[in-house]
Amino acid sequence: MTSTPSAKAAPLRNDCFALPKGVHWTPVEEALAMLRERLAPVTSSEVVPLAQACGRISFDDVKAKRANPPLPNTAVDGYGFSGGRQEGEHRLPLVAGRAAAGDAPVSVPEGQAIRVLTGAALPDGVDTVILQEDVSVADGHVIFQGALKQGANTRRAGEDVKVGDVVLGQGRHITPADLALLAAAGVSEVAVRNPLRVGVLSTGDELVEVGSTAGEGQIYDANRPMLLALAARLGHRAVDLGRAPDQREMLKAMLDAAAEKVDVIITSGGASAGDEDHVSALLDKAGAMALWRIAIKPGRPLALGMWQGVPVFGLPGNPVAALVCTLVFARPALALLSGGDWSTPQGFEVPAAFEKSKKAGRREFLRARIRNGQAEVFASEGSGRISGLSWAEGLVELEEEGRDIRIGDPVRFIPYASFGY
Ligand code: AMP
Ligand code: MG
């Protein structure tokens with residue numbers, strides 16, 4: 001395997017998360033547009049064999065080296081000859097032998113026919129094939145009724161892919177089907193991005209590690225296992241950065257160490273403007289922070305900033321808000337940083353199985369699932385209700401405007417799977 005690391009991508013600007021002055025509650029769409037505009041790939045590349053390319057991101061456009069099909073061939077088992085036929089009975093002498101898939105093309109004289117099997121390259125002198133079910137064979141002849149169009153039951157060379165066609169665009173998250181296409185197009189190795197190293201750090205004095213004994217006033221760190229698994233599932237290399245106490249010097253040291261070994265840092269907790277909100281305080285002091293007050297529910301401010309040249313996504317601590325903000329904002333941002341395409345999750349309009357009076361202002365995401373073709377939502381909207389995250393199979397997205405939702409009204413449901421979750 002060859003390996004040609006690309007030149008290091010241009011660093012992100014330190015002010016890449018800065019917001020226009022005077023903006024307080026940024027609409028979700030605007031926040032997404034800013035991320036999309038300002039973020040760029042930070043990963044290098046390598047060349048891997050086809051068999052290792054699934055799940056990776058293509059580094060540049062990949063062109064076909066071979067046409068598919070490479071030669072004109074037969075789409076069915078039958079008999080091949082030259083030219084179409086009018087109405088009426090036709091009787092053609094059969095040449096000896098047959099053409100099967102993988103055989104080198106032979107030659108068939110005008111007015112004669114040859115036995116052909118699916119996938120066989122068309123012999124010279126054959127451009128039309130009749131299905132074996134539509135003929136009888138007797139005395140070394142094939143007999144059938146017309147009419148039949150010239151070219152029937154054949155595939156043209158390159159009708160699927162031509163040499164030089166772009167079979168895979170740059171930034172594509174490579175799928176199993178893509179491997180089939182690349183193989184057919186004669187591509188045996190692909191330049192792909194190296195995985196984005198996503199560090200996940202929890203913050204808060206109240207947190208203890210699952211598996212240890214939690215004292216009074218303590219809670220288990222629920223965000224870190226969730227966010228590490230999510231980063232991995234989105235195709236990135238998840239790096240566990242541990243837990244930081246609500247203590248500024250310690251957090252600073254942990255961020256310094258993290259910046260040495262990851263491409264992006266996701267923190268949860270401590271992102272607002274309170275006394276113990278050390279993530280936002282540190283990023284702010286570094287002069288490269290923007291507190292994104294996004295008009296979203298659930299979700300308090302997101303602290304976005306740069307730490308030693310590494311982008312930091314400071315998520316709210318509440319697990320529900322942490323997950324929703326990751327899916328909505330961090331997911332597409334990480335995709336861009338990793339060299340992939342920007343993508344908008346596919347939602348579907350379905351009838352609501354719930355009633356809700358939604359206030360105008362924020363875009364809301366409700367924990368939801370589909371039952372009997374309708375969107376059910378979790379009984380409580382409380383952002384500490386982790387059980388609802390696990391209960392849900394997706395999110396209902398309600399736009400910024402106020403709305404009285406009645407049972408049966410259409411609402412937009414986004415399955416978790418649409419996020420690549
Ligand atoms: P914060 O954003 O730090 O003010 O935290 C908001 C709420 O989320 C508090 O109730 C925290 O205890 C809780 N929280 C913060 N981090 C975590 C975590 N890693 N796991 C579970 N709950 C958390
Ligand atoms: Mg906290």
Side-chain angles (χ1 to χ4, degrees), residues 23 25-37 39 173 175 226-227 229-231 233-235 292-302 313 315-316 318-336 340-421:
V23 173
W25 290 95
T26 309
V28 171
E29 287 305 332
E30 240 174 74
L32 288 172
M34 278 192 279
L35 290 174
R36 183 173 192 175
E37 194 188 327
L39 295 178
H173 204 135
T175 67
M226 170 175 74
L227 296 173
L230 181 55
R233 208 173 258 205
L234 295 175
W292 286 38
R293 286 196 181 76
I294 300 170
I296 184 173
K297 186 182 170 190
R300 286 195 310 181
L302 281 185
F313 281 80
L315 302 172
N318 273 310
V320 177
L323 180 63
V324 168
C325 289
T326 304
L327 292 178
V328 175
F329 298 109
R331 181 198 66 91
L334 295 180
L336 281 191
D341 288 332
W342 183 266
S343 74
T344 304
Q346 179 65 56
F348 306 89
E349 293 265 300
V350 291
F354 62 94
E355 299 200 325
K356 178 181 165 71
S357 178
K358 184 200 170 292
K359 286 202 224 113
R362 295 200 276 174
R363 184 170 297 200
E364 293 192 18
F365 290 90
L366 312 177
R367 283 150 280 173
R369 63 183 195 182
I370 302 288
R371 288 295 181 270
N372 305 315
Q374 295 194 315
E376 298 179 345
V377 295
F378 191 60
S380 161
E381 290 186 16
S383 78
R385 299 289 288 265
I386 303 177
S387 62
L389 279 182
S390 167
W391 172 92
E393 293 163 9
L395 301 172
V396 157
E397 179 179 19
L398 303 174
E399 308 265 304
E400 284 75 3
E401 54 268 23
R403 216 184 134 181
D404 268 325
I405 297 163
R406 299 272 149 74
I407 290 177
D409 286 355
V411 291
R412 192 170 126 87
F413 175 76
I414 310 174
Y416 279 152
S418 283
F419 292 101
Y421 173 96

_With heavy-atom distances below 4.5 Å as the criterion, would you say the side chains of D409 and R403 are in contact?_
yes
*Which pair of heavy atoms, one from L227 and one from A322, lies closest together, and at what distance?*
CD2-O, 4.4 Å
*Rounded to the nearest 0.5 Å, how far apart are OG of S383 and CG of L323?*
12.0 Å
*Side-chain touch Q374/V350, heavy atoms, less than 4.5 angstrom*: no
*Could you grab the distance from atom OG1 of T175 to atom NE2 of H173, nearest 0.5 Å is fine?*
9.5 Å
*Write down the atom of L315, the atom of C325, and the distance for their closest heavy-atom approach.*
CD2-CB, 3.9 Å
*Closest non-hydrogen atom pair, I386 against P319*: CD1-CG, 3.6 Å
*asked:* Testing the basics here: between L39 and A333, what is the closest heavy-atom pair and its distance to 0.1 Å?
replied: CD1-CB, 3.5 Å
*Residue pair L327 / L230, side-chain heavy-atom distance below 4.5 Å*: yes
*Heavy atoms only: give me the nearest L32-W342 pair and the separation to one decimal.*
O-CH2, 3.5 Å
*State the CD1-CD1 distance between I407 and I405, to the nearest 0.5 angstrom.*
11.5 Å
_Does any part of the side chain of F329, heavy atoms only, come nearer than 4.5 Å to the side chain of L35, both counted from C-beta?_
yes
*Can you tell me if R362 uses its side chain to pair, donor with acceptor, with the backbone of A295 under 3.5 Å?*
no
*Taking the side chain as every heavy atom from C-beta outward, state whether F419 and L234 have any pair of such atoms under 4.5 Å apart.*
no
_Side chain proximity check, F378 to V396, heavy atoms < 4.5 angstrom_ = no
*Determine whether P298 and N318 make a side-chain contact, defined as any pair of heavy atoms from C-beta on separated by less than 4.5 Å.*
no
*Determine the sole option in R369, R371, R367, K356 for which the salt bridge (charged side-chain N to carboxylate O under 4.0 Å, His left out) test with E376 is passed.*
R369
*Determine yes or no for a side-chain-to-main-chain donor-acceptor pair under 3.5 angstrom, with S418 supplying the side chain and P345 the backbone.*
no
*Below 4.0 angstrom, N of the basic side chain to O of the carboxylate: do E400 and R363 qualify?*
yes
*Distance, nearest 0.5 Å, that separates CZ of F313 from CG of L302*: 8.5 Å
*Taking the side chain as C-beta and beyond, is there a heavy-atom pair between L366 and V411 under 4.5 Å?*
no
*Rounded to the nearest 0.5 Å, what separation is found between the CZ atom of F365 and the CD atom of E381?*
13.0 Å
_Would the distance check show the side chain of R331 and the main-chain N or O of S343 forming a donor-acceptor pair, the cut-off being under 3.5 Å?_
yes
*If you take all heavy atoms of L336 and G340, which pair is closest and at what distance?*
CD2-O, 3.6 Å
*In Å, rounded to the nearest 0.5 Å, how long is the span from CD of E393 to CZ of F413?*
6.5 Å
*Check whether more than 12 heavy atoms from other residues, nucleotides or ligands sit under 6.0 Å from atom CG of D404, and answer yes or no.*
yes
